[in-house]
Each structure stands twice: as C-alpha cells, then as structure tokens.
Amino acid sequence: MRALCAFLLPVLIAVALPAAGAEVFSGSRAMDLLRWQCALGPRTPGSEAHAVFRREVAAMADSLGWRLSEDRFSAITPLDGVEREFINLVISLGPSSGPRIWFGAHYDCRLVADQDPVAASRSLPVLGANDGASGTAVLLHLAELLTVTAPPLGVDLLLFDGEDQGVSGKPTTYCLGSEHLAAGAGTFGSPLSDAAPLGLIVVDMVGESGVRIPMEPLSLQYAGVWTRTVFERAGELGLGAFVPAPGRSTYDDHVPFLRRGIPAVDLIDFEYAAWHTADDSPENCSAASLEQVGTLLLDLVRRPPMGGF
Ligand SMILES: [Zn+2]
C-alpha cells in the first residue's frame, strides 16, 4: 500500500493546471480523479484507503494553497453497530468574508454491497466509483480550477464522511457526516464559518455513463427557488444530462441542511443498476457525465445566482 501511495501521489499533484482565463471543466481530469480514488480500494470509514484518501487530499491542499479543515466525531455505525470515528473534510476557497456558496459530496464507500445479486458478494465493501468517487472527483477538479482563477465569492467544498453506512430501508440512518456538519454550521469551531450560504448543491452518483439528473423532490419541496435556479442554469448552458422534471425522492446529504432552512439541492441519478453492488466500478462511469455536472458547478461559481432562495 505504501508503494502504491508513492506512485499515486504524483498523479494528483503533478497537475497541468490550465492557464487563467482558459478555464474549462475537464471531464477527463475528473475521471482520472475518480479512477485514483478507486485505485486506493473501497474508502470505507476506518479503513486504510479512507486514511490514504484524506492524506492525499491534505497533500493537494498543501500544494495548491487550499484551506482544508477536518470535522471529526464518533458515532455508532447504523449498518453494523460498531463505533467509529468519522471525518468530514471542508476545502475553503476564495474570499473568507462576504457571500458563500457550498458544494457537497460524500467520499465514504458503503461497508457492504448488500444489493448485489450474488449472495457471496453482499458482505464485500462497495468500490464506490459512482456512489462516492464521482461527486468527490467533480469537487476536487473544481477546486483545482478555482486555484488558477480565484472565485468571486467564498466557496466551501464539503466532503462528507458516513453518508452511506445506513440500514437498508431506513433512510434516516444514513448521512451521519452531513448531519454533524449541518448541526455545527456557523458555530465556534465549525469549518463552516457561515450558517447562511447562498445555497448548497450536493452531487452524488453523477458519474454513470449517460447520466440523467432529474429534479429531486425534497429539494423542490423545501428549496424550490434554489432548485429551479440551478436547473435553469443547466438549461441555459445546454447541459442535456439535467432534466427539469421531478425524479425520485432521495434522503441524501442535502436533507440535514434543508431541515435547518439552508437552500439545498441534491443532484443525483438514482437509476443506477450497480448501486450498492460489487459492480460499482469505473467501467460504469464516463468523463462526459462528470463534465456535464462540473461545467454546471463551475458556471454557478463564476456567475453566482444572488439572493432570495
Ligand atoms: Zn450509496
């Protein structure tokens, strides 16, 4: 594992950052960041791969000048009853005062592939190419781009831990990390200095080849203006992956924020055959899908929709 890390480190750090002003979200770079996460192995809470992921993100932050904070807490893991330490990461970019926008993704992988059609595979951890690594890859590449040309407003990238360790069929046992981060927002010691950003955009399962992202109903119900604003922007940009019609209601990392009155939208394609199976691998993902999502997020930073959500 140590030799592997030494090999992987340059993949992350030796980035050919684009010139300022020639900024385009690169699906292929995001795909490299997805494959890199999967090469570490399943990033299940408490695992070595989980620790290596965090160390490598810290190395990127050092190298590129990002403000990186950790938000640690212990909790009983609903899935197996074991107490573990969970560690959210927050990368903060741009101005430290004034308006902020938040983006979120979970980086943890599910401890068990309990939806796998093969019984013997159901005790294996999920590799999480789409369910975890895809959203994380989009946010990491976004951070790289915002290193080259600073954003006009404060940007916080929330990498949630403990999203995917819930009991199947009990939605509220998921999203431990986002619950902890949302509860602390704006309080002393929280990496989220502000409890009132313009809004939060969560990206989860956005890497599937041919991704199709409808409007998530809880986002629409509790943050309708914000959700429609985000989808209207996708329409303006001609991003065909975004479908401005309601999809499947999903308890995801946006919910703890919605409950606290923070506008939050979940961008998710839940129609994924390999969901929570041993088959959630990079072969099912594509650079083109990641590029659609990243292009939208980058545009929302460059032309922030201001106020009234
Ligand atoms: Zn999941």
Side-chain angles (χ1 to χ4, degrees), residues 1-5 7-9 11-12 27-57 77-80 82 84 86-89 104-141 159-168 174-177 202-211 250 252-253 268-290 293:
M1 185 54 84
R2 190 163 288 278
L4 186 64
C5 301
F7 168 71
L8 284 167
L9 193 59
V11 174
L12 272 180
S28 80
R29 170 62 181 164
M31 193 66 200
D32 285 346
L33 288 163
L34 180 154
R35 284 200 197 92
W36 161 70
Q37 291 173 77
C38 292
L40 299 176
R43 285 81 59 216
T44 51
S47 68
E48 178 62 14
H50 189 276
V52 172
F53 169 81
R54 286 183 285 105
R55 281 204 295 274
E56 298 267 341
V57 170
T77 312
L79 192 53
D80 62 4
V82 173
R84 290 185 175 82
F86 295 92
I87 306 163
N88 296 313
L89 303 176
H106 77 89
Y107 75 90
D108 64 312
C109 296
R110 188 162 174 80
L111 285 158
V112 291
D114 49 356
Q115 299 295 321
D116 201 284
V118 178
S121 297
R122 288 177 204 150
S123 58
L124 300 174
V126 175
L127 186 57
N130 190 28
D131 194 359
S134 67
T136 300
V138 167
L139 296 198
L140 289 175
H141 183 44
L159 298 178
F160 304 118
D161 196 3
E163 187 271 352
D164 222 349
Q165 316 309 329
V167 178
S168 195
Y174 288 74
C175 303
L176 298 179
V202 170
V203 286
D204 188 9
M205 297 172 63
V206 292
E208 184 184 2
S209 305
V211 71
T250 307
D252 206 348
D253 286 319
I268 186 166
D269 177 359
F270 214 149
E271 308 304 320
Y272 180 50
W275 176 67
H276 290 184
T277 73
D279 206 27
D280 184 4
S281 55
E283 294 70 43
N284 291 317
C285 298
S286 79
S289 294
L290 299 172
V293 176

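Counting from 1, the numbers follow the sequence of the chain as shown.
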Less than 4.5 Å apart, any side-chain heavy atom of Asp279 and any of Ser121? no
So, the side chain of Gln165 versus the backbone of Cys175: is there a donor-acceptor pair under 3.5 Å, distance only? no
In this structure, CG of Leu290 is separated from CE of Met31 (nearest 0.5 Å) by 6.5 Å
When you check the side-chain N and O atoms of Asp32 and His141, is any donor under 3.5 Å from an acceptor? no
Whether Thr77 side chain and Leu79 backbone form a donor-acceptor pair below 3.5 Å: no
His106 side, atom NE2; Leu159 side, atom CG - distance, nearest 0.5 Å: 11.0 Å
Tell me if a side-chain donor or acceptor on Arg35 pairs with a main-chain N or O of Leu33 at a distance below 3.5 Å. no
Hey, is the main chain of His276 close enough, under 3.5 Å, to the side chain of Asp131 for a donor-acceptor pair? no
Under 4.5 Å between any side-chain heavy atoms of Asp253 and Asp204, yes or no? no
Show your reasoning for whether side chain to side chain contact (heavy atoms under 4.5 Å, CB included) applies to Val52 and Arg43. CA-CA 9 Å; Val52 172; Arg43 285 81 59 216; over 6 Å; no
Among all residues two or more places apart in sequence or in another chain, which pass the salt bridge (Lys or Arg N to Asp or Glu O under 4.0 Å) test with Arg122? none
Nearest 0.5 Å please: distance from the CD1 atom of Ile87 over to the CZ atom of Arg54. 3.5 Å
Give the ring-plane orientation class for Phe53 versus Tyr107, where under 30° counts as parallel, over 60° as perpendicular and anything between as tilted. parallel
Within a strict 4.5 Å, meaning less than it, do heavy atoms of the Leu127 and Asp280 side chains meet? no
Are any side-chain N or O atoms of Thr44 and backbone N or O atoms of Leu111, one a donor and one an acceptor, separated by less than 3.5 Å? no
Could you pull out the closest heavy-atom pair between Gly41 and Ala49, with the gap in Å? O-CB, 3.9 Å
For Pro282 and Ala129, which heavy atoms make the closest approach, and how far apart are they? N-CB, 3.4 Å
Counting distance only, does the side-chain N/O of Asp108 pair as donor-acceptor with the main-chain N or O of Asp161 below 3.5 Å? no
So which heavy atom on Asn130 is nearest to which on Val206, and how close? OD1-N, 3.3 Å
Could you check Leu140 against Trp36 for side chain to side chain contact (heavy atoms under 4.5 Å, CB included), going step by step and ending with a plain yes or no? CA-CA 12 Å; Leu140 289 175; Trp36 161 70; 4.2 Å; yes
Locate the shortest heavy-atom distance separating Ser289 from Gly210; write the atom from each residue and the value. OG-N, 3.4 Å
Identify the heavy atoms of Ser123 and Ala120 that sit nearest to each other, and give their distance. OG-O, 3.9 Å
Counterpart residues, salt bridge (Lys or Arg N to Asp or Glu O under 4.0 Å), relative to Arg84 (two or more places apart): Asp80
Might you point out which heavy atoms bring Val112 and Val126 nearest each other, and give the distance in Å? O-CG2, 3.7 Å
Report the distance from atom CG of Leu40 to atom CD of Glu48, rounding to the nearest 0.5 Å. 9.5 Å
Here the gap from Gln115 atom CD to Thr277 atom OG1, rounded to the nearest 0.5 Å, amounts to 9.0 Å
Mind jotting down which residue pairs meet the salt bridge (Lys or Arg N to Asp or Glu O under 4.0 Å) criterion with at least one end in residues 111-121? Sequence neighbours excluded, please. Arg110-Asp114
What distance do Ser209 atom OG and Tyr272 atom OH have between them, rounded to the nearest 0.5 Å? 8.5 Å
Without swapping roles, check the side chain of Gln37 against the backbone of Ala133 for a donor-acceptor pair under 3.5 Å. yes
